[in-house]
Colleague: 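First the structure, then my questions, so here it is.
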Amino acid sequence: TGVAMMKFKSPPVNSLSLEVLTEFSISLEKLENNRACRGVIITSAIPKIFSSGLDITEMCGKSLEHYTEFWRAVQEMWLRLYGSNMVTVAAVNGSSPAGGCLVALSCDYRIMAESPKFSIGLNEAQLGIVAPFWFKDTFVNIVGHRIAERSLQLGSLHPAPEAHRLGLVDELVPEEKLMEKAAAVMAQWLALPDHARQLTKTMMRKAVLDRLVAHREEDIKNFISFTSKESIQKSLRMYMEMLKKRK
């Protein structure tokens, strides 16, 4: 059918570790280079969670070299996905905070399972960290400036019905119909000539992509200097302790 399916499968919560991010980018690159592949549906193989976002352990108590390598992998994942020539559909079958939300935002279309238990959003502020400018740009382009500003400042996680109302996801469907709907949406997008759709997508997204490419090294330096601060390390350690207690 010319459509690939990529599933997150990194138990327990599909954290985006350096290894997962690297594999994600390599898999996307392989699909891009396969001329028979025109679209990809991204979903999760783990029930109730799409992706919990960036792996906090990669940002806590590691070397500066490690932070550099990790952040470059985060950038690479986004540049590949946001700039992909393929049609990209996120079938969000569980909660999707922070980096998980970014993956969904970077796709052309987002369908979410219709459960108030599932939420999505860029909640970095709750952890005492700041969503980078390119996370923010991606978010603003989807929900508009005012909703993005409020949501980012409060670190909001929006339950599925609210996410749909805000335009953060395009559609809600019962969980059992999610993949069927994703396939139908994909067919609708692939009915168009590829070149016209691809050129339009590039035109719409180029400025945001170019901004990160131009400031990539500076963005890495900012991430390292921010993450290395003792106050930030402390709040990340506290957050990790809280997660352990929850388990």
Colleague: Hydrophobic clusters here meaning ILVMFWY residues chained together by side-chain heavy-atom distances under 4.5 Å, can you tell me if Met6 and Val103 are in one?
Modeller: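 Hydrophobic grouping puts Met6 with Val103.
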Colleague: Count the heavy atoms belonging to other residues, nucleotides or ligands that lie under 6.0 Å from CD of Gln198, then report whether that count exceeds 12.
Modeller: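 Enclosed: over 12 neighbouring heavy atoms sit under 6.0 Å from CD of Gln198.
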Colleague: According to side chain to side chain contact (heavy atoms under 4.5 Å, CB included), who are the partners of Ala160, at least two apart in sequence or on a separate chain?
Modeller: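 Partners of Ala160 by the side chain to side chain contact (heavy atoms under 4.5 Å, CB included) criterion, ordered by chain and then number, come out as Met112, Leu172.
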Colleague: Begin from the C-alpha positions of Glu58 and Glu69 and carry the test side chain to side chain contact (heavy atoms under 4.5 Å, CB included) through to its verdict.
Modeller: CA-CA 10 Å; Glu58 301 278 15; Glu69 192 185 359; over 6 Å; no
Colleague: Using the side-chain hydrogen bond (donor to acceptor under 3.5 Å, both in side chains) rule, pick out the option among Lys221, Arg216, His215 that qualifies with Glu218.
Modeller: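 Answer to the side-chain hydrogen bond (donor to acceptor under 3.5 Å, both in side chains) test with Glu218 among Lys221, Arg216, His215: His215.
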Colleague: Quick check on the hydrophobic clustering: are Leu168 and Leu152 connected, directly or via other members, by side-chain heavy-atom contacts under 4.5 Å?
Modeller: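 Yes; Leu152 is reachable from Leu168 via cluster members.
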Colleague: Are the side chains of Ser115 and Glu175 in touch, meaning some heavy atoms are under 4.5 Å apart?
Modeller: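 Not touching, per the 4.5 Å side-chain cut-off.
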Colleague: Do Met59 and Ile232 have side-chain heavy atoms sitting under 4.5 Å apart?
Modeller: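 They are not in contact (no side-chain heavy atoms under 4.5 Å apart), so the answer is no.
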Colleague: Charged N to carboxylate O below 4.0 Å: is that the case for Arg237 and Glu230?
Modeller: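 Result for this pair is yes, salt bridge flagged.
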Colleague: Kindly say whether Asp194 contributes a backbone atom to a donor-acceptor pair with the side chain of Arg38 at under 3.5 angstrom?
Modeller: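 A pair under 3.5 Å: no.
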Colleague: Taking ring-ring contact (aromatic ring centres under 6.0 Å, His included) as the test, write out the residues that go with Tyr82, two or more places apart.
Modeller: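 ring-ring contact (aromatic ring centres under 6.0 Å, His included) list for Tyr82, sorted by chain: Trp78.
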Colleague: Can you list everything that forms a side chain to side chain contact (heavy atoms under 4.5 Å, CB included) with Glu149? Sequence neighbours excluded, please.
Modeller: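 Scan of Glu149 (side chain to side chain contact (heavy atoms under 4.5 Å, CB included), adjacent residues dropped) gives His145, Arg146, Gln153.
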Colleague: Rounded at 0.5 Å granularity, tell me how far CZ in Phe139 sits from CD1 in Ile147.
Modeller: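 It is 8.5 Å, given to the nearest 0.5 Å.
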Colleague: Measure across Ile41 and Ala183 and return the closest heavy-atom pair with its distance rounded to 0.1 Å.
Modeller: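 Distance-wise, the nearest heavy atoms are CD1-N, 4.1 Å.
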Colleague: Starting from Ile46 and following side-chain heavy-atom contacts under 4.5 Å between hydrophobic residues (I, L, V, M, F, W, Y), which residues can be reached?
Modeller: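 Besides Ile46, the cluster holds Val13, Ile49.
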Colleague: Drop me the distance from Asp137's CG to Arg205's CZ, to the nearest 0.5 angstrom.
Modeller: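 So the gap between those two atoms works out to 12.5 Å.
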Colleague: Sequence neighbours left out, what passes side chain to side chain donor-acceptor pair (under 3.5 Å) with Asn222? Give chain and number order.
Modeller: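 Not a single residue meets the side chain to side chain donor-acceptor pair (under 3.5 Å) criterion with Asn222.
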Colleague: Quick one: does any side-chain atom of Arg197 pair with a main-chain N or O of Ala191 as donor and acceptor, under 3.5 Å?
Modeller: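 Not a single qualifying donor-acceptor pair exists.
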Colleague: How long is the span from the CD atom in Glu114 to the NE2 atom in His164, to the nearest 0.5 Å?
Modeller: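 Taking CD in Glu114 and NE2 in His164, the distance rounds to 9.0 Å.
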Colleague: Tell me, please, which residues at least two apart from Thr57 pass side chain to side chain donor-acceptor pair (under 3.5 Å).
Modeller: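 Asp55.
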Colleague: So, using side chain to side chain donor-acceptor pair (under 3.5 Å) as the criterion, who are the partners of Ser84 when residues are at least two apart?
Modeller: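 By the side chain to side chain donor-acceptor pair (under 3.5 Å) rule, Ser84 matches Glu32.
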Colleague: Taking atom CG of Leu64 and atom NE2 of His66, what is their separation to the nearest 0.5 Å?
Modeller: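 Between Leu64 CG and His66 NE2, I get 11.5 Å after rounding to 0.5 Å.
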Colleague: Val185: which residues meet the side chain to side chain contact (heavy atoms under 4.5 Å, CB included) condition with it, sequence neighbours left out?
Modeller: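 By the side chain to side chain contact (heavy atoms under 4.5 Å, CB included) rule, Val185 matches Val89, Tyr109, Ile111, Glu171, Lys181, Trp189.
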Colleague: Indicate yes or no for a side-chain donor-acceptor contact from Asn33 to the backbone of Glu29 under 3.5 Å, with no hydrogens or angles considered.
Modeller: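 Yes, the answer is positive, given that a donor and an acceptor are paired below the 3.5 Å cut-off.
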Colleague: Pick out which of Ser52, Ser96, Ser51, Ser44 makes a side-chain hydrogen bond (donor to acceptor under 3.5 Å, both in side chains) with Asn14.
Modeller: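 So the option named by the test is Ser44.
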Colleague: Between side-chain atoms of residues 118-135 and protein atoms elsewhere (two or more places apart, or another chain), which donor-acceptor pairs fall under 3.5 Å?
Modeller:
| from | atom 1 | to | atom 2 | distance (Å) |
| --- | --- | --- | --- | --- |
| Asn123 | OD1 | Ala98 | N | 3.2 |
| Gln126 | NE2 | Gly155 | O | 2.6 |
| Trp134 | NE1 | Asp219 | OD1 | 3.4 |
| Trp134 | NE1 | Asp219 | OD2 | 2.9 |

Colleague: Hey, are the side chains of Leu28 and Met86 touching, using non-hydrogen atoms and a 4.5 Å cut-off?
Modeller: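 Leu28 vs Met86: side chains touch.
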Colleague: Grab the two heavy atoms, one from Pro116 and one from Pro159, that are nearest each other, plus how far apart they are.
Modeller: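 So the minimum-distance heavy-atom pair works out to O-CB, 3.8 Å.
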Colleague: Determine whether Met77 and Val213 fall in the same hydrophobic cluster, where Ile, Leu, Val, Met, Phe, Trp and Tyr are linked whenever their side-chain heavy atoms lie under 4.5 Å apart.
Modeller: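 As far as the 4.5 Å side-chain criterion goes, Val213 and Met77 are connected within one cluster.
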Colleague: When hydrophobic residues are tied together by side-chain contacts of less than 4.5 Å, even through go-betweens, does Val143 share a cluster with Leu154?
Modeller: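 No.
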Colleague: If Ile, Leu, Val, Met, Phe, Trp and Tyr residues are connected whenever their side-chain heavy atoms lie under 4.5 Å apart, and connections chain through other members, are Leu54 and Leu79 in the same group?
Modeller: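 Hydrophobic grouping puts Leu54 with Leu79.
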Colleague: Of the non-hydrogen atoms in Gly83 and Leu209, which two are nearest, and what is the gap between them?
Modeller: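 Shortest heavy-atom contact: CA-CD1, 3.7 Å.
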Colleague: On the 0 to 90° scale, with breaks at 30° and 60°, tag the Phe223-Trp71 ring pair as parallel, tilted or perpendicular.
Modeller: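 Rings of Phe223 and Trp71: parallel, under 30°.
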Colleague: A side-chain contact here means heavy atoms from C-beta on lying under 4.5 Å apart; do Asn93 and Met179 qualify?
Modeller: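 No, their side chains stay 4.5 Å or more apart.
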Colleague: Decide yes or no for Thr43 and Met5: does some side-chain heavy atom of the first lie under 4.5 Å from some side-chain heavy atom of the second?
Modeller: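 Yes, their side chains come closer than 4.5 Å.
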Colleague: Give me each pair satisfying side chain to side chain donor-acceptor pair (under 3.5 Å) with a member in residues 17-27, each pair once, sequence neighbours excluded.
Modeller: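 Sorted pair list comes back empty.
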Colleague: May I ask you to decide whether Glu241 forms a salt bridge with Lys245, counting only side-chain N to carboxylate O separations under 4.0 Å?
Modeller: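 Looking at Glu241 and Lys245, the cut-off is not met.
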Colleague: Which residues pass the side chain to side chain contact (heavy atoms under 4.5 Å, CB included) test with Glu217, sequence neighbours left out?
Modeller: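 Applying side chain to side chain contact (heavy atoms under 4.5 Å, CB included) to Glu217 gives Arg72, Ile220.
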Colleague: Quick one: closest heavy-atom pair of Ile142 and Leu105, and the distance?
Modeller: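 So the two residues come closest at CD1-O, 3.2 Å.
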Colleague: Mind checking side chain to side chain donor-acceptor pair (under 3.5 Å) for Thr227 and listing every partner two or more places apart, or none if nothing turns up?
Modeller: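 By the side chain to side chain donor-acceptor pair (under 3.5 Å) rule, Thr227 matches no residue at all.
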Colleague: Do Gln233 and Cys60 touch side chain to side chain, with heavy atoms closer than 4.5 Å?
Modeller: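 Result yes, sub-4.5 Å side-chain heavy-atom pair found.
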Colleague: Under a 4.5 Å cut-off applied to non-hydrogen side-chain atoms, are Thr88 and Lys201 in contact?
Modeller: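 Touching, per the 4.5 Å side-chain cut-off.
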